[in-house]
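Structure first, then comments.
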Amino acid sequence: MKNSPSRLSEIIAVIKKYRLTKDITPENVRLALEELGPTFVKMGQILSSRDDLIPKEFCNEFQKLKHSVKPMPYETVEEILTREYDCPPSEIYQEINKIPVGSASIAQVHKAVLKTGEVVAIKVRRENIEELMERDARLLKKVISLLHLNKIFGDIINLTQVIDEMYDRAKEEMNFHTEKKHIEEFRENNKELVYLKPLKVFNKYSTNNILVMEYIDGFNISDTEELKKAGYDMDEIAEKLAHNYLKQAIDDGFYHADPHSDNIKVVEGKIAYLDFGMMGRLSKRNRNLLEKCIIAIVKNDINEVAHILTLLDTSNNTPDYMQLKNDIRKVLDKNKTTEIINIDIKEFVTEMFILLRQNEITLPKEITMLIRGIVVLEGTLEKISPNINLINVLEKKVEPQDVLLDKEKVSSFALSTVKSGANLLLLPSEALTTLKGINNGELRFNIELTDSKHQIDRIEKIVHLVIVSALDVAFIIGTSQIVKAENTLPFIFYLYLFGAIICTLWLLYKLIISKFKKL
């Protein structure tokens, strides 16, 4: 491995060779990344699916980096295996195919046969890859400073952010123990699905630098002609794939972050995922917000979409709420009259990312990864079955229910009431919209205070009256809605009725007291 000064000189020389300080074209950048090796190829691969960060033409060019990593010589692979096992590989394997079945920036995979006769895939980590990537990431930041690349690329991309994300993701992929846990968790989450083939890991032969897995033969999922010849129904495969991916994201909160066609096979009538180095994980909160956002998009509820995006925003910026709503309206209006099956999900996602960038909203990277995963999977579905649309499947999965009350809502209402009387679960949508507007800065009040203490007391009283009045209206409307919707009156009806009576009496009391004070 080269020392830091010589590697720094090499990086600067390649940047100058491809005129990246003067002529920034997608092709020039891609050629420079290829020449600089695994770290930079990995960075390009990550960027290829991040058109929320960079222009689409760069993403398309970087897609060519998917298969651009030169494999290690087999002699190097043999040396790594010997060192890891502390014995010749021939003592463990009957046979190892010297030509890799896949070569990536962090590792390469060889097909082999164990002494036991089981056919396996050996994933071998590249020599010194961790040190190389750490050094390159550090040096690249130095180059950015020396050549003032932030000023040059400022309108296109935040280079420091890209480097940090690349290195964080690469570290996760380099940890084979983590990947092994990913495989096991994925298998556990999907063990009930008969149409999914779980991947088996051979722990006995796996180390820090080697991951030995069951070799998955069969058809690549994009080999539609071969699959049809073998008697497979492509619509069925596509629908099951779409349903499973949405289950991973929305139900499990643990999803495959790189579901391109090379990572999905069909074997023995089952779908098999490969390469679990890059997985995404969504918190319950973000899953709930994401599901609500999808429902709001389907319902064309612009206020709710804007509100959820601001809740998901991880930046320290305060967006212009009115501008955000106008931008959302423009994006949603484009597909308002379009049938679900005809919506171009790639175009829609691209427009949403542009909207987020223009409004300086940053989504959590796990959600961004999922959205990109959905776009990648949609591309795969288009190849194998034009009749199956991921948005259509998604709409059915998160379809809003028109049931006014169910067990979960009643439990949630009771719990929230105990915790805080101000948590109004079933307020009418207009009241909620008003409160959200105040919270997000859509509604602003300019108040000039003279006698501060006196004025503040008066404002507090007014706020209390407004809140109780809103509660009273909400309870009255809620009571009337329940009467209309239900043949028999449920327990929640009496809670609403009791709340309406209490609020009304309190307001009457305040009104009478106020009149007496004026006399």
Side-chain angles (χ1 to χ4, degrees), residues 7 10-11 13-15 17-20 23-72 100-109 123-127 129-130 132-137 139-140 143-144 149 153 156-174 220 222 256-264 274-278 280 346 350 353 365 368-369 371-373 375-377 379-380 383:
R7 179 60 171 166
E10 182 182 348
I11 293 171
V14 171
I15 288 172
K17 175 182 175 180
Y18 291 99
R19 299 168 55 83
L20 297 187
D23 184 21
I24 307 169
T25 66
E27 184 180 13
N28 281 355
V29 177
R30 192 255 304 166
L31 291 171
L33 295 176
E34 283 182 347
E35 188 165 328
L36 286 168
T39 304
F40 294 84
V41 169
K42 187 66 187 175
M43 184 164 60
Q45 290 171 344
I46 290 171
L47 285 174
S48 69
S49 61
R50 292 301 304 271
D51 51 12
D52 59 319
L53 292 178
I54 62 174
K56 195 170 184 178
E57 57 269 24
F58 281 83
C59 293
N60 294 337
E61 186 68 27
F62 293 166
Q63 288 286 343
K64 299 175 183 177
L65 293 168
K66 291 290 184 186
H67 307 286
S68 297
V69 184
K70 184 180 177 181
M72 292 184 288
V101 294
S103 177
S105 53
I106 288 172
Q108 65 189 51
V109 179
K123 189 171 185 179
V124 184
R125 195 167 75 164
R126 287 181 175 273
E127 193 87 276
I129 187 65
E130 193 167 0
L132 187 148
M133 284 197 166
E134 188 277 331
R135 181 202 62 185
D136 280 356
L139 291 177
L140 189 50
V143 170
I144 290 169
L149 294 182
F153 285 86
I156 301 175
I157 187 172
N158 183 328
L159 286 172
T160 303
Q161 180 183 345
V162 170
I163 294 167
D164 290 339
E165 181 176 341
M166 177 277 300
Y167 186 55
D168 288 343
R169 197 180 297 183
K171 280 195 296 185
E172 184 174 347
E173 289 189 56
M174 283 186 282
N220 187 296
S222 60
H256 198 294
D258 195 18
H260 62 77
S261 56
D262 289 341
N263 280 340
I264 307 173
L274 308 177
D275 193 355
F276 290 82
M278 192 161 64
K346 293 180 183 176
T350 299
F353 277 142
K365 71 174 185 178
T368 303
M369 283 173 64
I371 294 171
R372 297 313 314 165
V375 171
V376 170
L377 190 71
T380 301
K383 292 178 187 176

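Residue numbers run from 1 in the order of the sequence given.
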Rounded to the nearest 0.5 Å, what's the gap from [atom1] on [X] to [atom2] on [Y]? Could you check?
| X | Y | atom1 | atom2 | result |
| --- | --- | --- | --- | --- |
| Met72 | Ile129 | CE | CD1 | 9.0 Å |
| Ile264 | Asn220 | CD1 | CG | 8.5 Å |
| Lys17 | Leu31 | NZ | CG | 8.5 Å |
| Ile106 | Lys171 | CD1 | NZ | 12.0 Å |
| Leu274 | Asp258 | CG | CG | 11.0 Å |
| Lys70 | Glu34 | NZ | CD | 13.0 Å |

pair [X]-[Y]: side-chain heavy atoms closer than 4.5 Å:
| X | Y | result |
| --- | --- | --- |
| Asn28 | Thr25 | yes |
| Thr380 | Ser222 | no |
| Ser105 | Thr39 | no |
| Gln45 | Gln63 | no |
| Pro100 | Val109 | no |
| Phe40 | Val14 | no |
| Glu172 | Met278 | no |
| Val375 | Arg372 | yes |

task: Please name the pair of heavy atoms, one in Met133 and one in Pro38, separated by the smallest distance, quoted to 0.1 Å.
output: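 For Met133 versus Pro38, the nearest heavy atoms are CE-O, 3.9 Å.
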Minimal non-hydrogen separation, Gln108 against Arg126, with atom names: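 Taking every non-hydrogen atom into account, OE1-NH2, 4.2 Å.
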query: Do Arg125 and Glu130 sit within salt-bridge range, that is, some charged N less than 4.0 Å from a carboxylate O?
result: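 Between Glu130 and Arg125 there is a salt bridge, with a charged N closer than 4.0 Å to a carboxylate O.
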For [X], enumerate each residue passing the salt bridge (Lys or Arg N to Asp or Glu O under 4.0 Å) test, keeping only those at least two apart in sequence or located in another chain.
| X | answer |
| --- | --- |
| Asp164 | Lys141 |
| Lys123 | Glu179, Asp275 |
| Glu173 | Lys42 |
| Glu27 | none |

- prompt: Hey, mind stepping through Asp136 and Tyr167 against side chain to side chain contact (heavy atoms under 4.5 Å, CB included) and telling me if it holds?
  reply: CA-CA 10 Å; Asp136 280 356; Tyr167 186 55; over 6 Å; no
With Phe276 via ring pair (Phe, Tyr, Trp, His ring centres under 6.0 Å) - residues at least two apart: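 Once residues adjacent in sequence are excluded, the partners of Phe276 under the ring pair (Phe, Tyr, Trp, His ring centres under 6.0 Å) criterion are Phe186, His256.
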message: If the condition is side chain to side chain donor-acceptor pair (under 3.5 Å), which residues does Tyr18 pass it with, not counting sequence neighbours?
response: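 Counting only residues at least two positions away or on another chain, Tyr18 forms a side chain to side chain donor-acceptor pair (under 3.5 Å) with Glu35.
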